[in-house]
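Below you'll find the structure, written out as structure tokens, and then a few comments.
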Amino acid sequence: MKRIYVVEDHDVIRNGVVQYLEISGYEAKGFETLKDAREAINAALPDMLIQDVMLPDGDGFMFVKEIRAHYKSLPIIFLTARVEESDRILGFELGCDDYITKPFSPKELVLRVDALFRRVDGKSDEKENELMYTLGESSLIIDEDEHKIFLDNSEIILTAAEWRIISYLAKNSPNLISRAQILEECFDYSFESYERVVDTHIKNIRAKLAQDGWIETVRGYGYRFAGKRKS
């Protein structure tokens, strides 16, 4: 059974989310403060974190930044009243995999949780589980079964969202992929206001790969994976 931690200071919202997750077959536990959540995560890492931003003892954004420094692949969903685009962008820059604003539908939240777990746990239908690409003298191995990538034999740790994007771009190389396609295929939504989120993830991926060359930008449209498939 998947374990989910819900960090939310509003009692009604926290208890409602926990109850709805439990009804949906998850093991869920709620925390009112960052202090309690931090202690619980250090004691037993959950399978997913649902995180509010404005907490009585600190900022949820900074808390996620702290968590990401230690647990780079933990699936994280922000659930917050912070609705500005700049807040959503910041959330994704800090490494969240989804961002849900209040008021929200508990059913939609569970559907987003289900979808994120499917992507994290899902196996590729391809027969070959390791795909190798080259760019100049560098090589990139994408392991579809383990959801891992290796740059010149060194593993690069990606969030679930970053993994989905680079895997999708690589599978569709050398085709040009629009931001809207990435949103629809990798996140299950296509709102125009979220297209900057794609740019944010691409920037994070490039930083982790330590070079821009693997992913080309086509201004005003989208991206293309530049690695060459090695048979």
Side-chain angles (χ1 to χ4, degrees), residues 2-21 26-106 108-110 112-113 115-117 119-120 157-165 183 187 189 191 193-208:
K2 298 287 190 182
R3 180 192 299 120
I4 302 174
Y5 289 169
V6 180
V7 187
E8 164 65 62
D9 64 324
H10 192 290
D11 292 343
V12 174
I13 295 176
R14 183 180 65 254
N15 294 335
V17 169
V18 167
Q19 262 190 342
Y20 213 92
L21 288 169
Y26 295 105
E27 176 187 341
K29 189 171 183 179
F31 302 93
E32 184 177 358
T33 67
L34 297 178
K35 177 179 179 295
D36 291 342
R38 184 181 293 107
E39 291 175 353
I41 289 172
N42 289 337
L45 188 66
D47 297 294
M48 182 180 293
L49 177 67
I50 297 177
Q51 177 69 50
D52 190 13
V53 173
M54 296 176 285
L55 281 302
D57 61 338
D59 186 316
F61 283 143
M62 294 302 100
F63 180 67
V64 165
K65 183 177 181 180
E66 171 192 330
I67 294 299
R68 269 284 175 255
H70 300 284
Y71 307 107
K72 298 185 184 300
S73 59
L74 172 66
I76 297 175
I77 296 176
F78 274 118
L79 180 63
T80 174
R82 301 275 287 270
V83 299
E84 296 297 325
E85 182 182 16
S86 59
D87 292 319
R88 292 200 302 269
I89 295 299
L90 176 59
F92 283 105
E93 284 180 337
L94 293 172
C96 80
D97 297 288
D98 207 343
Y99 192 104
I100 301 174
T101 58
K102 303 173 185 176
F104 65 97
S105 160
E108 180 186 357
L109 172 61
V110 170
R112 295 280 192 97
V113 168
L116 183 50
F117 274 134
R119 291 192 176 103
V120 171
I157 305 299
L158 302 178
T159 67
E162 292 163 358
W163 159 260
R164 293 196 299 271
I165 290 173
L183 281 171
F187 296 92
Y189 48 78
F191 305 117
S193 61
Y194 277 83
E195 288 197 359
R196 281 187 59 197
V197 167
V198 174
D199 299 335
T200 298
H201 284 306
I202 295 292
K203 182 180 72 174
N204 291 342
I205 293 170
R206 284 171 169 164
K208 292 180 178 181

Notebook entry, point to check: Any salt bridge between Arg14 and Asp52, counting N to O under 4.0 Å?
Noted result: no

So which heavy atom on [X] is nearest to which on [Y], and how close?
{"X": "Cys96", "Y": "His201", "answer": "O-CE1, 3.8 Å"}
{"X": "Arg3", "Y": "Ala44", "answer": "NH1-CB, 4.3 Å"}
{"X": "Val7", "Y": "Thr33", "answer": "CG1-O, 4.2 Å"}
{"X": "Glu32", "Y": "Asp9", "answer": "O-CB, 3.6 Å"}
{"X": "Ile157", "Y": "Glu162", "answer": "O-OE1, 4.5 Å"}

Distance check, rounded to the nearest 0.5 Å: [X] atom [atom1] versus [Y] atom [atom2]?
{"X": "Leu45", "Y": "Tyr71", "atom1": "CG", "atom2": "OH", "value": "5.5 Å"}
{"X": "Met48", "Y": "Leu116", "atom1": "CE", "atom2": "CG", "value": "4.0 Å"}
{"X": "Ile165", "Y": "Leu183", "atom1": "CD1", "atom2": "CG", "value": "8.0 Å"}
{"X": "Glu8", "Y": "Leu55", "atom1": "CD", "atom2": "CG", "value": "7.5 Å"}
{"X": "Ile202", "Y": "Arg196", "atom1": "CD1", "atom2": "CZ", "value": "14.5 Å"}
{"X": "Ile100", "Y": "Thr80", "atom1": "CD1", "atom2": "OG1", "value": "11.0 Å"}

4.5 Å side-chain heavy-atom contact, [X] and [Y]:
{"X": "Pro46", "Y": "Ile41", "answer": "yes"}
{"X": "Thr101", "Y": "Asp87", "answer": "no"}
{"X": "Phe104", "Y": "Leu79", "answer": "yes"}
{"X": "Val197", "Y": "Ile89", "answer": "yes"}
{"X": "Asp36", "Y": "Lys29", "answer": "no"}
{"X": "Lys102", "Y": "Ile13", "answer": "yes"}

Notebook entry, point to check: Out of Asp98, Leu109, Ile76, which residue meets the side-chain contact (heavy atoms from CB on, under 4.5 Å) rule with Ile50?
Noted result: Leu109

Next item on the list: With sequence neighbours excluded, give me every salt bridge (Lys or Arg N to Asp or Glu O under 4.0 Å) pair touching residues 54-69.
Entry: Arg38-Glu66, Arg68-Asp97

Note to self: If we ignore hydrogens and angles and just use 3.5 Å, is the side chain of Arg88 paired with the main-chain N or O of Val83 as donor and acceptor?
What the structure shows: yes

Next item on the list: Would you mind listing every ring pair (Phe, Tyr, Trp, His ring centres under 6.0 Å) that reaches into residues 26-69, with sequence neighbours excluded?
Entry: Tyr5-Phe31, Tyr26-Phe117, Phe61-Phe78

